[in-house]
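Being a predicted model, the structure only gives us computed values, none of them experimental.
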Amino acid sequence: MNKKQPLSNAEKQKRYRERKILQGRKEVRGYLTNEAQVCLEEIRIKTGWDDSTILSNAIRLTFAAQQCGQVKLLNSWLVKHKK
């Protein structure tokens with residue numbers, strides 16, 4: 001009998017990342033400010049989205065705002081409302 005040795009957590013994580021890459025996904029990492037963390041939690045509560053969905057939608061919405069020339073307006077709103 002030749003038993004397979006169980007995978008370590010590091011190996012499992014590597015396989016998971018490789019599967020995501022094969023699906024065409026890209027990992028993005030960063031650190032959130034305190035203000036952004038508050039916004040993140042509010043979005044999570046209101047939408048029920050996970051972190052990946054929130055990040056993907058945030059990037060898509062930022063892109064749409066940029067394409068429509070609204071980034072300056074949205075940034076002004078964030079500053080005015082201390083977000």
Side-chain angles (χ1 to χ4, degrees):
M1 284 192 231
N2 201 359
K3 279 190 173 182
K4 287 177 98 176
Q5 190 171 3
L7 296 174
S8 69
N9 281 340
E11 292 168 323
K12 288 178 187 177
Q13 290 172 0
K14 182 180 178 187
R15 288 177 65 191
Y16 176 80
R17 288 190 301 270
E18 288 170 351
R19 281 195 311 270
K20 293 300 175 188
I21 289 170
L22 290 174
Q23 293 173 354
R25 304 242 176 146
K26 177 176 174 57
E27 183 179 9
V28 179
R29 299 179 68 163
Y31 295 94
L32 300 178
T33 63
N34 291 335
E35 296 85 358
Q37 289 178 45
V38 171
C39 295
L40 174 67
E41 190 57 31
E42 191 173 324
I43 291 168
R44 186 180 290 128
I45 290 167
K46 287 183 178 181
T47 63
W49 294 342
D50 61 14
D51 288 350
S52 292
T53 304
I54 292 170
L55 179 60
S56 292
N57 286 338
I59 291 170
R60 293 172 61 232
L61 288 167
T62 303
F63 177 77
Q66 185 271 329
Q67 290 293 304
C68 296
Q70 299 300 312
V71 170
K72 189 173 181 178
L73 174 71
L74 293 174
N75 196 48
S76 296
W77 184 93
L78 290 169
V79 170
K80 180 179 176 183
H81 291 88
K82 297 179 182 161
K83 294 285 184 184

So ring pair (Phe, Tyr, Trp, His ring centres under 6.0 Å) across residues 14-73, not counting sequence neighbours, yields none
Identify every side-chain donor-acceptor pair in residues 68-80 under 3.5 Å, counting partners at least two apart or on other chains, and give the distances.
residue, atom, partner, partner atom, Å
Gln70, NE2, Cys68, O, 3.3
Ser76, OG, Lys72, O, 2.9
Trp77, NE1, His81, ND1, 3.2

To the nearest 0.5 Å, how far apart are OG1 in Thr62 and CG in Asn57? 10.5 Å
If the condition is side chain to side chain contact (heavy atoms under 4.5 Å, CB included), which residues does Arg17 pass it with, not counting sequence neighbours? Gln13, Lys14, Glu27
Value rounded to 0.5 Å, distance of OG in Ser56 from CG in Asp51: 10.5 Å
Under a 4.5 Å cut-off applied to non-hydrogen side-chain atoms, are Glu42 and Lys83 in contact? yes
Is it the case that atom CZ in Arg44 sees more than 12 heavy atoms from other parts of the structure closer than 6.0 Å? yes
Test Lys20 against Gln23 for side chain to side chain contact (heavy atoms under 4.5 Å, CB included), laying out the working first. CA-CA 5 Å; Lys20 293 300 175 188; Gln23 293 173 354; 3.5 Å; yes
Rounded to the nearest 0.5 angstrom, the CD1-CG distance for Ile43 and Leu55 is 10.5 Å
